[in-house]
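I have placed the structure first, in the form of structure tokens, so that the comments after it can refer back to it.
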Amino acid sequence: MLEFIFADSWSPYIVGSLIGVLSWFSFIISKKALGTSTTFARGSAKLGAVFLGSEVYDWKYYQKYKPELEWQSMLVIGIVIGSFISAVLSGEFNLSLIPVTDFESILNQNILGRLFSAFVGGIFLGFGARLAGGCTSGHGISGTFQLSIASWISLIGFFVGGAVTAFIIL
Amino acid sequence: MESKTRLIKGLATGIVFGFLLQRGGVTDYNVLVGQLLLEDFTVAKIILTAVVVGMLGVHFLSDRGLVELKPKSGSLRRTIPGSLIFGAGFALLGYCPGTIAGAIGQGSVDALLFGLSGIFVGSFLFAAFYERYDNLIEKNKFKFNTFPELFKINHWLVIVPLSALIIIFLVWIESIGF
């Protein structure tokens, strides 16, 4: 048991099954599906208000998704904490500015390249998630298992768009 | 603002989710990019296993009236370009919105400083785009949200073959050495 808790990693099938079980409990306890990307949309209103003033809060999108702390924002904060606990227990926590990787490229092995790839990638990710209406968790896991048509198309689109881009840039 | 109890429920769910993502290896840049380059199938194994387990459980619970499902809607004009743009961002950044939170917890400063600010900017740009073109964006939504509704069949007639197909795929992936 102790070995299991401190192990570097768990089998993807154990982790996948436990995420599936976590989804049941999320529906039972919170009446919500696991998802994360709406939180970044809510947060983006605050950022926009810093540059453009508080009238951005009146925008239609921010009327639908108000910039306030709610269940999913707490879930995202929880992910940071949970990952930190797991990384500390398995001795995997380390501060890094550039990912240590075998897939070396100017986009990830120098600081300016990484700033560019991470920032521009983040912009695409944020915009794409809002247009598609979800991310790898909201569409890719929670939406697909509810047999949503949009979620299955999204899951395929995420990996097709991702694979094509990855083969081009790396 | 939501009640304190709900906020705590969200936080607790997130802590378990983050622990699992980190322990599964999917908060690691290499594992995520490795999946997109088709060299490492950890991401597919986790997602597909979660889909099978999640699907069997929530539909069982929903048939008994214990939970209420909320399948997402979409439209071709939103879902296809949105998911492809998302994919391009996923490859550039090396994380998705959930795993980036995990990567931050694990100490990836590039995720926190550059990636996170990019996601906020991208989401803000969408809100600006939506302010102007909301009518166009919201048009032509799918008439049916789910496959059982589309095919007008009982959901278990989709769940059982789909689960079998996923399990066969995973066994095949293992058998060819991934």
Side-chain angles (χ1 to χ4, degrees), chain A residues 9-10 12 15-17 19-20 23-24 27 30 36-37 40-41 44 47-48 59 61 70-71 74-75 78-80 82-84 86-87 94-95 97 99 117-119 121-128 130-132 135-137 141 143 145-148 150 153-154 157-158 161-163 165-166, chain B residues 2 7 9-11 14-15 18-20 22-25 29-30 36-37 42 45-46 49-51 53-55 57 67 69 71-72 74 79 82-93 96-98 101-102 105-107 109-110 114-115 118-120 122-124 126-127 130-131 146-147:
Chain A
S9 65
W10 291 349
V15 170
S17 304
I19 291 175
S23 301
W24 308 345
F27 268 105
S30 308
T36 57
S37 62
F40 299 103
S44 73
L47 178 90
W59 285 6
Y61 203 72
E70 40 73 73
W71 184 84
M74 294 305 286
L75 179 129
I79 294 177
V80 179
S83 169
F84 174 76
S86 168
N94 69 315
L95 288 173
L97 194 55
S117 64
F119 185 67
I123 293 177
F124 280 36
L125 203 64
F127 190 93
R130 285 349 295 151
L131 187 57
C135 62
T136 329
S137 356
I141 297 177
F145 77 52
Q146 294 181 71
L147 305 172
S148 153
I153 299 175
S154 295
F158 294 160
T165 312
Chain B
E2 288 190 307
L7 295 183
K9 284 176 182 173
L11 185 71
I15 291 175
F19 191 99
L20 292 171
Q22 201 286 330
R23 206 48 74 92
Y29 178 89
N30 281 297
L36 297 178
L37 292 170
T42 308
K45 290 175 190 173
I46 291 181
T49 311
V51 168
V53 174
M55 181 159 67
V67 302
L69 298 185
K72 286 176 188 269
T79 311
S83 62
L84 293 173
I85 294 170
F86 180 97
F90 190 1
L92 273 164
L93 171 58
C96 56
Q106 194 181 261
V109 182
D110 52 334
F114 315 143
I119 297 178
F120 281 127
S123 308
F124 182 74
F126 180 78
Y130 190 88
E131 185 64 12
T146 67
F147 287 109

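Here the structure is a predicted model, which is why all the values come from computation and not from measurement. Per chain, numbering begins at 1; letters A, B, ... match sequence-line order.
Ranking Phe86(B), Tyr29(B), Phe147(B) against chain A, the residue ahead of the rest is Phe86(B), based on heavy-atom pairs under 4.5 Å. Options Ser17(A), Ala118(A), Ala163(A) differ in how many heavy-atom pairs under 4.5 Å they form with chain B, and the most are formed by Ala118(A). Here Thr49(B) is the residue among Leu69(B), Thr42(B), Thr49(B) with the most heavy-atom pairs under 4.5 Å with chain A. Of the listed residues Ile153(A), Leu125(A), Thr165(A), the one with more heavy-atom pairs under 4.5 angstrom with chain B than any other is Leu125(A). For chain A, the option among Gly18(B), Pro71(B), Ala91(B) with the highest count of heavy-atom pairs below 4.5 Å is Gly18(B). Each of Val15(A), Leu97(A), Ile79(A), Ile141(A) has some count of heavy-atom pairs under 4.5 Å with chain B, and the biggest count is that of Ile79(A). Note on Ile15(B), Leu84(B), Thr79(B): by heavy-atom pairs under 4.5 Å with chain A, the leading option is Ile15(B). When each of Gly89(B), Gly10(B), Gly98(B) is checked for heavy-atom pairs under 4.5 Å with chain A, Gly10(B) comes out on top. Interface summary for chain A: among Phe124(B), Phe120(B), Phe90(B), the most heavy-atom pairs under 4.5 angstrom belong to Phe124(B).
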The test is side-chain contact (heavy atoms from CB on, under 4.5 Å); show your working for Leu147(A) and Met55(B) and say whether it passes. CA-CA 8 Å; Leu147(A) 305 172; Met55(B) 181 159 67; 3.7 Å; yes

Stepwise side chain to side chain donor-acceptor pair (under 3.5 Å) test for Ser86(A) and Arg23(B): CA-CA 6 Å; Ser86(A) 168; Arg23(B) 206 48 74 92; 2.9 Å; yes

Does the side-chain contact (heavy atoms from CB on, under 4.5 Å) test come out yes or no for Leu20(B) and Trp10(A), once each step is laid out? CA-CA 9 Å; Leu20(B) 292 171; Trp10(A) 291 349; 3.9 Å; yes

Stepwise side-chain contact (heavy atoms from CB on, under 4.5 Å) check, Ile19(A) with Ile46(B): CA-CA 8 Å; Ile19(A) 291 175; Ile46(B) 291 181; 3.9 Å; yes

Decide side-chain contact (heavy atoms from CB on, under 4.5 Å) for Gln106(B) and Phe84(A); before the verdict, give the C-alpha distance in whole Å, the side-chain angles of both, and the deciding distance to 0.1 Å. CA-CA 5 Å; Gln106(B) 194 181 261; Phe84(A) 174 76; over 6 Å; no

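In this structure, the ring of Phe127(A) has its center less than 6.0 angstrom from the ring center of Phe126(B).
The closest donor-acceptor contact from the side chain of Glu2(B) to the backbone of Trp71(A) lies under 3.5 Å. Listed for the Ser148(A) side chain is a donor-acceptor partner under 3.5 Å among the backbone atoms of Lys72(B). Judged purely by atom type and a 3.5 angstrom limit, Ser83(A) has no side-chain atom pairing as donor or acceptor with the backbone of Gly105(B).
When every heavy atom of Ala88(B) is checked against every heavy atom of Phe124(A), the shortest pair comes out as CB-CD2, 3.8 Å. Ser83(B) approaches Gly157(A) most closely through the heavy-atom pair OG-CA, 3.4 Å. Taking each heavy atom of Ala166(A) and Leu36(B) in turn, the nearest pair found is CB-CB, 3.8 Å.
Using a 4.5 Å cut-off between heavy atoms, Val51(B) contacts chain A through both its backbone and its side chain. With a 4.5 Å cut-off on non-hydrogen atoms, Ser9(A) touches chain B through its backbone and its side chain both. Of the two parts of Leu47(A), only the side chain, counted from C-beta on, holds a non-hydrogen atom closer than 4.5 Å to a non-hydrogen atom of chain B.
With rounding to the nearest 0.5 Å, the separation of CD1 in Ile85(B) from CD1 in Ile123(A) is 12.5 Å. With rounding to the nearest 0.5 angstrom, the OG atom of Ser37(A) is 9.0 Å from the CD1 atom of Ile119(B).
Counting only heavy atoms from C-beta outward, the side chains of Val53(B) and Trp24(A) approach each other to under 4.5 Å. Using a 4.5 Å heavy-atom threshold, the side chains of Pro97(B) and Phe40(A) count as touching. Between Asn30(B) and Pro99(A) there is no side-chain heavy-atom pair separated by less than 4.5 Å. You'll find the side chain of Tyr61(A) stays beyond 4.5 Å of the side chain of Glu131(B), heavy atoms only.
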